[in-house]
Amino acid sequence: MRIDFVSDVSCPWCVIGLKSLEKALDGMRDELQVDIHFQPFELNPDMAPEGQDIFEHITEKYGSTPAQQDQSREMIRQRGAALGFTFDMGKRGRIYNTFDAHRLLHWAESQGQGHQQALKEKLFEAYFTKREDPSSHDVLLRAALDAGLDAEQARQVLASDTYADEVRQREYFWQRAGIRSVPAIVINERHLISGGQPPEVFEQALRKIAREDATA
């Protein structure tokens with residue numbers, strides 16, 4: 001089974017979606033062989049290099065009140081904790097451009113099975129748990145090293161425009177496919193599961209898709 005996980009590294013619901021998906025797959029490992037590909041989606045492609053205060057950004061983008069933002073943060077924190085992930089989302093954090101992170105993830109996909117997913121998880125941890133800047137090359141290099149990737153090759157990717165065109169092409173492909181929000185989990189290139197669903201929802205959907213595709 002092929003899974004394309006369309007997401008951004010600064011999207012909290014993408015963390016929840018991935019952790020839920022992993023939990024669902026863990027309970028099905030004797031039934032399914034799964035190949036996960038992480039696809040790029042930028043929530044804020046025009047973000048300035050210095051980033052923006054998260055409270056100001058969410059207020060401008062969604063019009064939400066401070067109370068609504070507090071409620072959302074607490075909901076995300078609780079969902080993450082239930083899945084074993086720590087969100088440390090302060091009220092005055094910042095949101096950043098993630099394009100270079102997506103370039104590095106594109107490269108990691110070519111470095112052997114499991115490396116791209118390991119890097120994705122390290123990038124989530126860097127931003128949401130450690131409150132680090134995912135546009136910083138130092139942060140990206142540490143994440144690559146922690147994910148078991150070659151630091152010198154990662155440094156060369158980041159020091160150049162390598163994979164910039166490929167990432168933009170993939171972003172455009174998924175936008176043309178109708179993806180407007182993330183996470184978007186595409187199964188076998190034709191079934192869509194949207195949002196940070198609970199593990200049981202993923203498991204039910206994956207079992208159904210596996211049965212349908214087996215008889216198609």
Side-chain angles (χ1 to χ4, degrees), residues 4-19 36-58 60-62 72-73 76 80 85-90 92-111 115-147 149 154-175 177 179-186 194-196:
D4 287 293
F5 194 95
V6 188
S7 60
D8 198 356
V9 300
S10 61
C11 161
W13 289 105
C14 296
V15 180
I16 291 169
L18 179 58
K19 292 298 178 183
I36 301 179
H37 299 265
F38 291 90
Q39 304 292 351
F41 187 98
E42 291 180 85
L43 290 169
N44 304 287
D46 299 320
M47 180 62 64
E50 69 273 12
Q52 185 181 16
D53 176 274
I54 190 70
F55 172 75
E56 293 175 358
H57 176 76
I58 293 175
E60 290 176 6
K61 193 169 185 177
Y62 302 108
S72 177
R73 268 194 299 270
I76 289 168
F85 186 88
T86 301
F87 282 100
D88 182 11
M89 300 166 66
R92 308 311 296 190
R94 297 186 75 76
I95 193 159
Y96 300 92
N97 183 280
T98 58
F99 187 72
D100 281 348
H102 288 299
R103 287 200 301 118
L104 200 63
L105 283 162
H106 185 95
W107 163 72
E109 186 178 24
S110 68
Q111 299 304 295
H115 280 105
Q116 191 188 35
Q117 185 164 348
L119 178 58
K120 186 76 168 185
E121 293 179 351
K122 291 300 181 183
L123 291 172
F124 279 151
E125 181 184 330
Y127 182 58
F128 289 109
T129 304
K130 299 178 181 177
R131 299 177 70 178
E132 295 179 329
D133 174 1
S135 69
S136 162
H137 286 191
D138 287 341
V139 170
L140 294 174
L141 284 170
R142 281 200 304 273
L145 190 61
D146 290 345
L149 290 155
R155 186 177 290 108
Q156 291 174 10
V157 170
L158 293 170
S160 65
D161 288 330
T162 307
Y163 304 121
D165 289 343
E166 289 87 342
V167 168
R168 290 191 180 98
Q169 287 168 8
R170 285 195 179 185
E171 287 179 332
Y172 183 59
F173 172 85
W174 292 106
Q175 289 166 9
I179 302 301
R180 297 289 179 267
S181 61
V182 288
I185 299 91
V186 181
S194 297

Measure across Ala101 and Val9 and return the closest heavy-atom pair with its distance rounded to 0.1 Å. CB-CG2, 4.1 Å
Run the side-chain donor-acceptor check on residues 40-47: report pairs under 3.5 Å with partners two or more places apart or on a different chain.
from, atom 1, to, atom 2, distance (Å)
Asn44, OD1, His57, NE2, 3.0
Asn44, OD1, Lys61, NZ, 3.2

Roughly how far, to the nearest 0.5 Å, is OG of Ser136 from CG of Asp100? 10.0 Å
Minimal non-hydrogen separation, Pro134 against Thr98, with atom names: CG-CG2, 4.4 Å
Does a side chain donor of either Glu171 or Gln39 reach within less than 3.5 Å of an acceptor in the other side chain? no
Can you confirm whether Trp107 sits close enough to Leu149 that some side-chain heavy atom of one is under 4.5 Å from a side-chain heavy atom of the other? yes
As a quick check of understanding, evaluate side-chain hydrogen bond (donor to acceptor under 3.5 Å, both in side chains) for Glu60 and Gln52, giving each step before the final call. CA-CA 11 Å; Glu60 290 176 6; Gln52 185 181 16; 3.1 Å; yes
Looking at residues at least two apart in the chain, or sitting in another chain, which of them share a ring pair (Phe, Tyr, Trp, His ring centres under 6.0 Å) with Phe5? Phe38
In chain order, what residues pass the side-chain hydrogen bond (donor to acceptor under 3.5 Å, both in side chains) check against Arg168, with sequence neighbours excluded? none
Worked verdict on Ser110 versus Gln116 for side-chain contact (heavy atoms from CB on, under 4.5 Å): CA-CA 8 Å; Ser110 68; Gln116 191 188 35; over 6 Å; no
Worked verdict on Leu105 versus His102 for side-chain contact (heavy atoms from CB on, under 4.5 Å): CA-CA 5 Å; Leu105 283 162; His102 288 299; 4.2 Å; yes
So among Gln117, His115, His37, which one has a side chain to side chain donor-acceptor pair (under 3.5 Å) with Glu109? His37
Among pairs that include at least one residue of residues 8-17, which meet salt bridge (Lys or Arg N to Asp or Glu O under 4.0 Å), considering only residues two or more places apart or in two chains? none
Measuring only between side-chain heavy atoms, which start at C-beta, is Ile76 closer than 4.5 Å to Phe128? no
Minimum heavy-atom separation for Ser135 and Asn97, please, with both atom names. CB-O, 3.2 Å
Using side-chain heavy atoms (C-beta onward) and a distance below 4.5 Å, is Ile185 in contact with Val6? no
Would you compute the distance between atom CD1 of Ile36 and atom CG of Leu18 and round it to the nearest 0.5 angstrom? 7.0 Å
Between Ile95 and Tyr127, is there a side-chain heavy-atom distance shorter than 4.5 Å? yes
How long is the gap from OH on Tyr62 to OG on Ser72, to the nearest 0.5 Å? 10.0 Å
Could you tell me whether the side chain of Ile54 reaches within less than 4.5 Å of the side chain of Tyr96, counting heavy atoms only? no
Identified side-chain contact (heavy atoms from CB on, under 4.5 Å) counterpart of Leu104 within the set Thr162, Leu140, Leu123: Leu140
Minimal heavy-atom distance between Pro183 and Cys14, with the atoms involved, is N-SG, 3.6 Å
When you measure from the side chain of Arg142 to the backbone N and O of His137, does any donor-acceptor pair fall under 3.5 Å? no
Evaluate the side-chain contact (heavy atoms from CB on, under 4.5 Å) criterion for residues Arg94 and Asp133: first the C-alpha distance (whole Å), next the side-chain angles of each, then the deciding distance (0.1 Å), finally the verdict. CA-CA 8 Å; Arg94 297 186 75 76; Asp133 174 1; over 6 Å; no
Looking at residues at least two apart in the chain, or sitting in another chain, which of them share a side-chain contact (heavy atoms from CB on, under 4.5 Å) with Phe173? none
How long is the gap from CZ on Phe55 to CZ on Arg73, to the nearest 0.5 Å? 8.5 Å
Of all heavy-atom pairs between Thr86 and Thr129, which one has the smallest distance, and what is that distance? O-OG1, 2.5 Å
Of all the heavy-atom pairs spanning Arg103 and Asp161, show the shortest one and how long it is. NH1-C, 3.8 Å
The criterion is ring pair (Phe, Tyr, Trp, His ring centres under 6.0 Å); which residues satisfy it with His106, sequence neighbours excluded? Tyr163
Could you tell me whether Glu125 and Arg131 have a side-chain N and a carboxylate O separated by less than 4.0 Å? no
